[in-house]
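Read the structure below first, then the notes.
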Amino acid sequence: DMGFEKEIRSIVWTIPTPHQTLFYSATWPPEVESVAADLLTDPAKVTVGSGGEKLTANKSVTQRVHVVEGSKQQALLKLLEPFRAGGPDACKRVIVFANMKVDVKWISKHIRENG
């Protein structure tokens, strides 16, 4: 899902020239590479880690995938509960990936309102 492509293109075409544009991505799928090719002149690609073109996860990071049937919002709230203030994992960091802007907005709003 390239949900942010329209906004990225709008920003790039609005800023004055000359300018420097930097793209950061945890992954570099063909769709992202295509946008970069359209918008960048003589780009340089920097890969952090030892995986080279094959992306690998940091061994100190625990990754979990949860397949959810029913309310994904309720499932997310339950998964995040231990990380809230006073919870057993309150000092640990969490990254939540979302496919659509509407989900990002909901997650952001919930975390701001409920901690």
Side-chain angles (χ1 to χ4, degrees):
D1 177 30
M2 293 290 291
F4 297 102
E5 180 180 0
K6 180 179 174 186
E7 288 81 359
I8 290 170
R9 289 183 181 279
S10 174
I11 291 167
V12 170
W13 294 117
T14 304
I15 56 179
T17 56
H19 62 267
Q20 182 178 26
T21 305
L22 305 172
F23 280 122
Y24 296 92
S25 181
T27 60
W28 200 254
E31 298 85 2
V32 172
E33 195 168 353
S34 175
V35 171
D38 286 350
L39 300 177
L40 305 177
T41 304
D42 194 25
K45 182 177 177 182
V46 177
T47 302
V48 177
S50 59
E53 289 298 314
K54 181 182 178 229
L55 297 173
T56 57
N58 184 319
K59 303 236 184 296
S60 68
V61 174
T62 301
Q63 297 186 59
R64 296 181 184 149
V65 176
H66 296 270
V67 179
V68 176
E69 292 184 22
S71 172
K72 61 184 174 183
Q73 288 89 358
Q74 290 303 316
L76 177 62
L77 296 179
K78 185 176 180 181
L79 289 168
L80 291 177
E81 188 64 33
F83 299 94
R84 294 183 66 188
D89 294 320
C91 295
K92 294 182 181 178
R93 292 185 265 179
V94 175
I95 299 175
V96 178
F97 291 94
N99 285 342
M100 298 185 300
K101 289 184 285 185
V102 68
D103 294 332
V104 172
K105 288 177 184 178
W106 182 88
I107 293 166
S108 176
K109 180 177 184 265
H110 170 76
I111 290 173
R112 270 193 235 104
E113 291 175 354
N114 301 294

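Keep in mind the model is a prediction, meaning the values are calculated, not measured. Here, residue 1 is the first one in the sequence, and each next residue gets the next number.
In this structure, CD1 on Ile15 lies 4.5 Å from OG1 on Thr21, to the nearest 0.5 angstrom. Here Leu79 contributes atom CG and Arg64 contributes atom CZ; the two are 8.5 Å apart, rounded to the nearest 0.5 Å.
A salt bridge links Arg84 with Glu81: at least one charged nitrogen is closer than 4.0 Å to a carboxylate oxygen.
Under the 4.5 Å side-chain heavy-atom criterion for Ile, Leu, Val, Met, Phe, Trp and Tyr, Ile11 and Leu40 are members of distinct hydrophobic clusters. Cluster membership check: Ile111 shares its hydrophobic cluster with Phe83, using side-chain heavy-atom separations under 4.5 Å among Ile, Leu, Val, Met, Phe, Trp and Tyr. By the rule that hydrophobic residues join a cluster once side-chain heavy atoms approach within less than 4.5 Å of another member, Val96 and Leu77 end up as members of one cluster. Trp106 and Val94 fall within a single hydrophobic cluster, where Ile, Leu, Val, Met, Phe, Trp and Tyr side chains are chained together by heavy-atom contacts under 4.5 Å.
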Tell me, with the steps shown, if Glu7 and Lys101 meet side-chain contact (heavy atoms from CB on, under 4.5 Å). CA-CA 11 Å; Glu7 288 81 359; Lys101 289 184 285 185; 2.4 Å; yes
Could you walk me through whether Leu76 and His110 pass side-chain contact (heavy atoms from CB on, under 4.5 Å), step by step? CA-CA 11 Å; Leu76 177 62; His110 170 76; over 6 Å; no
Start with the C-alpha distance between Lys72 and Asp103, add both sets of side-chain angles, then the distance that settles side-chain contact (heavy atoms from CB on, under 4.5 Å), and finish with yes or no. CA-CA 10 Å; Lys72 61 184 174 183; Asp103 294 332; 3.4 Å; yes
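In this structure, the side chain of His19 engages the main chain of Pro16 through a donor-acceptor pair within 3.5 Å. Checked by atom type and distance alone, the side chain of Ser108 never pairs as donor or acceptor with a backbone atom of Val104 at under 3.5 Å.
The nearest pair of heavy atoms linking Ala90 to Ala85 is CB-CA, 4.2 Å.
Within a 6.0 Å sphere centred on CD1 of Ile95, heavy atoms belonging to other residues, nucleotides or ligands number 12 at most.
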